[in-house]
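One structure below.
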Amino acid sequence: MRAFEIQEFGNLVLTEKPQPQPKFGEVLVRVKAVSVNYRDILMVKGLYHPHLNLPAIPCSDGVGEVVSVGEGVTKFKPGDRVAGIFMQKWRSGNLTKEVFKSALGGEVDGMLAEYVVLSEDGLVSIPSHLSDVEAATLPCAAVTAWHALMEAGLKPGETVLVMGTGGVSLFALQFAVMAGARVIATSSSDEKLERVKQLGASDVINYKSVPKWEKQVLTLTEGVGVDYIVEVGGANTLSKSLKAVKMGGQISLIGVLAGAQAEFNPLPAVMKGVRIQGIFVGSRQMFEAMNKAINVNKLHPVCDRVFPFESAPEALSYMETGSHFGKITIDFLQKSGNRE
């Protein structure tokens, strides 16, 4: 089978490897589609896990069809459409060190291969109305957004602030709209903000033309602030988020796109009684609950460009440009030269 490997940091190499075979409790999956996360870029460059044992297969997010199952498997059968969960050992409950080390595309080989073998407990069925490409966007970005908002208890009528137009932010927007919440969205592109409004955002802010966007958020909420912030910027935007959130509100820390280091004054969080929660994807239980909601509401993920399998390095490079709107995906069945 073909697989992409990080053989040395900075290089993603297409290789031939023996097709794996399932053992007791395991499932052999023919991978149909993969989606790209910023973590994958950092992993390839050696910036996420500089002591990663190489060679390693990257990419945490992928879906496919069950080819065969090992002895003892009861949840799946050949022909089933499945997705791998981000952390293979996080079934439910709280995050632990053991769970943390089971993330795909890191210490555990990921999904950027034509065939993978995973534990049956590390798989979920995917919503039937989604294409493989759409379903491949769910394991990391969608579950992260679901964890940040729906698991936190988002209610109809509450207000959510989402930053940018990457996968997590757009899933958060879709879930919030689905839940009957109001969404305020930021971006540096007026064109993208128009598309965000079409997805249901009530208000939009261009943070380049309005650098003090936190003041605009307060104006839009009559000085109260928002109930939830899906914070993907990191250290350099957190101080603004603390001004934009309401008293007793929640900031879900997810990304570091605007920087990982900055001076931080914790006093506003204390004085406003703000809950600051780090979100590192979520459990299989969350994934399954989210899939039920996606299925009932017939929600479709927002996909940007689709690359063929052979162009996986190009997909990662495209993500680095920051020009995407939604998720970047890799379709294993798409031929080179016929990219959508």
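All values derive from a computational prediction rather than experimental measurement.
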Next item on the list: List the steps, then state whether side chain to side chain contact (heavy atoms under 4.5 Å, CB included) holds for Val66 with Leu28.
Entry: CA-CA 6 Å; Val66 174; Leu28 174 65; over 6 Å; no
Checklist line | Step-by-step side chain to side chain contact (heavy atoms under 4.5 Å, CB included) determination, Leu95 to Phe280 | finding: CA-CA 9 Å; Leu95 188 61; Phe280 190 36; 4.2 Å; yes
Next item on the list: With side chain to side chain donor-acceptor pair (under 3.5 Å) as the test, would you mind laying out the steps for Glu231 and Thr237 before giving the verdict?
Entry: CA-CA 8 Å; Glu231 169 61 78; Thr237 55; 2.5 Å; yes
Note to self: Please determine whether side chain to side chain donor-acceptor pair (under 3.5 Å) holds for the pair Glu26 and Ser119, giving the CA-CA distance in whole Å, both sets of side-chain angles, and the decisive distance to 0.1 Å.
What the structure shows: CA-CA 4 Å; Glu26 293 181 335; Ser119 165; over 6 Å; no
Checklist line | Derivation of the side chain to side chain donor-acceptor pair (under 3.5 Å) call for Ser323 and Thr321 | finding: CA-CA 5 Å; Ser323 59; Thr321 68; 2.9 Å; yes
Note to self: Between Leu242 and Lys272, is the side chain to side chain contact (heavy atoms under 4.5 Å, CB included) condition met? List the steps.
What the structure shows: CA-CA 9 Å; Leu242 282 169; Lys272 296 177 76 172; 5.8 Å; no
Check: Do Lys23 and Glu71 pass the salt bridge (charged side-chain N to carboxylate O under 4.0 Å, His left out) test, and can you show the C-alpha distance, the side-chain angles, and the key distance before you say yes or no?
Finding: CA-CA 7 Å; Lys23 299 177 183 177; Glu71 291 185 20; over 6 Å; no
Checklist line | Verdict with supporting geometry, Asp227 and Val160, side chain to side chain contact (heavy atoms under 4.5 Å, CB included) | finding: CA-CA 6 Å; Asp227 297 280; Val160 175; over 6 Å; no
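Expressed to the nearest 0.5 Å, how far CG of Asn53 lies from CG of Asp109 amounts to 10.5 Å. Rounding to the nearest 0.5 Å gives a distance of 9.5 Å between CG of Asn94 and OG of Ser283. Rounded to the nearest 0.5 angstrom, Ser102 OG and Lys97 NZ are separated by 15.0 Å. Separating the CG atom in Leu161 from the CD1 atom in Ile205 is a distance of 7.0 Å, to the nearest 0.5 Å. Between the CZ atom of Arg275 and the CD atom of Gln250 there is a distance of 4.5 Å, given to the nearest 0.5 Å. With values rounded to the nearest 0.5 angstrom, Met111 atom CE is found 12.0 Å from Asp40 atom CG.
The cationic group of Arg2 does not satisfy the cation-pi geometry with Phe309, failing either the under 6.0 Å distance to the six-membered ring centre or the 45° limit from the ring axis.
Although no hydrogens or angles enter the test, the distance criterion places no donor-acceptor pair under 3.5 Å between the side chain of Asp304 and the main chain of Gly326. For the pair Arg39 (side chain) and Tyr48 (backbone), a donor-acceptor distance under 3.5 Å is absent. Of the possible donor and acceptor atoms, none in the side chain of Lys101 sits under 3.5 Å from a partner among the backbone N and O of Thr96. No donor-acceptor distance shorter than 3.5 angstrom exists from the side chain of Glu8 to the backbone of Gly10, with no hydrogens or angles considered. The backbone N or O of Thr165 lies less than 3.5 Å from no partner atom in the side chain of Ser169, so there is not a single donor-acceptor pair. Looking only at distances, a side-chain donor or acceptor of Gln88 sits under 3.5 Å from a matching main-chain atom of Ile85. In this structure a side-chain-to-backbone donor-acceptor pair under 3.5 Å is missing from Asn297 to Leu299. Under the 3.5 Å distance criterion, the side-chain polar atoms of Glu120 are matched with a main-chain donor or acceptor of Thr74. A donor-acceptor pair is defined here as one N or O able to donate and one able to accept, closer than 3.5 Å; such a pair exists between the side chain of Asn291 and the backbone of Ser125. For the pair Ser317 (side chain) and Pro313 (backbone), a donor-acceptor distance under 3.5 Å is present.
Taking all atoms of both residues into account, the shortest heavy-atom contact from Val162 to Leu173 is CG1-N, 4.1 Å. In this structure, Ser35 and Thr329 approach most closely via the heavy-atom pair CB-CG2, 3.9 Å. Between Asn206 and Ser188, the shortest heavy-atom contact is ND2-O, 3.3 Å. Residues Ala83 and Phe287 come closest through the heavy atom pair CB-CZ, 4.2 Å. Looking at every heavy atom in both residues, Leu193 comes nearest to Ala185 through CD2-O, 3.9 Å. Taking every heavy atom of both residues into account, Arg182 and Leu220 meet most closely at NH2-O, 3.0 Å.
Here Glu194 pairs with Lys197 in a salt bridge; the nearest charged N to carboxylate O distance falls below 4.0 Å. Between Lys327 and Glu134 there is no salt bridge, since no side-chain nitrogen of the basic residue lies less than 4.0 Å from a carboxylate oxygen of the acidic one. We find that Asp121 and Arg284 are joined by a salt bridge, their nearest charged nitrogen and carboxylate oxygen being less than 4.0 Å apart. Salt-bridge check for Lys89 with Glu98: passed, with a basic side-chain N closer than 4.0 Å to an acidic carboxylate O. The pair Asp331-Lys32 does not meet the salt-bridge criterion, since no charged nitrogen lies less than 4.0 angstrom from a carboxylate oxygen.
Take Leu47 and apply the side-chain contact (heavy atoms from CB on, under 4.5 Å) test, not counting sequence neighbours, and it matches Leu42, Lys45.
Two residues are said to be in side-chain contact when any heavy atoms from C-beta on lie closer than 4.5 Å; Met319 and Glu314 fail this criterion. In this structure, the side chains of Val67 and Tyr115 come closer than 4.5 Å at one or more pairs of heavy atoms. In this structure, Val226 and Thr221 have side chains that are in contact, with non-hydrogen atoms separated by less than 4.5 Å. Residues Gln7 and Val13 meet the side-chain proximity criterion, which asks for heavy atoms closer than 4.5 Å. In this structure, the side chains of Tyr228 and Thr159 stay at 4.5 Å or more apart for every pair of heavy atoms. The shortest distance between side-chain heavy atoms of Ser60 and Asn37 falls below 4.5 Å. Using a 4.5 Å heavy-atom cutoff, the side chains of Met290 and Phe175 are in contact. Counting only heavy atoms from C-beta outward, the side chains of Leu149 and Ser252 never approach each other to under 4.5 Å.
No path of Ile, Leu, Val, Met, Phe, Trp and Tyr side chains, each step under 4.5 Å between heavy atoms, connects Leu218 with Ile184, placing them in separate hydrophobic clusters. Linking ILVMFWY side-chain heavy atoms closer than 4.5 Å, directly or via other members, places Phe9 and Ile57 in a single hydrophobic cluster. The hydrophobic clustering, which links ILVMFWY residues whose side-chain heavy atoms are closer than 4.5 Å, places Ile126 and Val281 apart. Put simply, Val63 and Val108 are part of two different groups of oily side chains (I, L, V, M, F, W, Y) that touch within less than 4.5 Å, one to the next.
The distance between the ring centers of Phe171 and Trp146 does not fall below 6.0 angstrom.
Environment of CZ in Phe100: sparse, with no more than 12 heavy atoms of neighbouring residues, nucleotides or ligands closer than 6.0 Å. By the 6.0 Å contact criterion, NZ on Lys298 is enclosed, its count of non-hydrogen atoms from other residues, nucleotides or ligands being greater than 12.
Among pairs with a residue in residues 176-218, none fulfils ring-ring contact (aromatic ring centres under 6.0 Å, His included), at least two apart in sequence or across chains.
Ring pair Phe307/Tyr318 is tilted by interplanar angle, where 30° to 60° counts as tilted.
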